[in-house]
Amino acid sequence: VMGDKVLLHPTLSPVLGLAGLFVVGRVFSYVFTLGTIGRELVALVLGSTLIGLLLWQGLLLALIVRFWRARLR
């Protein structure tokens with residue numbers, strides 16, 4: 001598994017998703033003016049998305065480390 005680049009795409013996709021999330025957030029901050037409740041809802045959605053992406057990235061990195069360690073044995 002480690003010789004092939006099978007895990008490269010799933011490992012990089014959360015990073016690309018996070019970068020896209022920040023870019024979209026900056027663009028829409030100039031387009032839309034939200035009230036207090038709207039900002040809190042957007043912050044809730046973006047925060048939960050960020051936490052989910054970070055957990056997914058951590059899981060993938062842990063799997064890569066386990067595959068790498070298994071290959072060395």
Using distance only, find each side-chain donor-acceptor pair of residues 40-52 under 3.5 Å and give its atom names and separation, not counting sequence neighbours.
unit_1: Ser48; atom_1: OG; unit_2: Leu44; atom_2: O; d: 3.0
unit_1: Ser48; atom_1: OG; unit_2: Val45; atom_2: O; d: 3.0
unit_1: Thr49; atom_1: OG1; unit_2: Val45; atom_2: O; d: 2.7

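- Taking CZ of Arg39 as the start and CD1 of Ile37 as the end, the distance is 12.0 Å to the nearest 0.5 Å.
- Leu53 and Phe22 fall within a single hydrophobic cluster, where Ile, Leu, Val, Met, Phe, Trp and Tyr side chains are chained together by heavy-atom contacts under 4.5 Å.
- Listed by chain and residue number, nothing satisfies the side chain to side chain contact (heavy atoms under 4.5 Å, CB included) test with Arg66 (two or more places apart in sequence, or in another chain).
- Here the straight-line distance linking atom CD1 of Ile64 with atom CG of Leu59 works out to 10.0 Å at 0.5 Å rounding.
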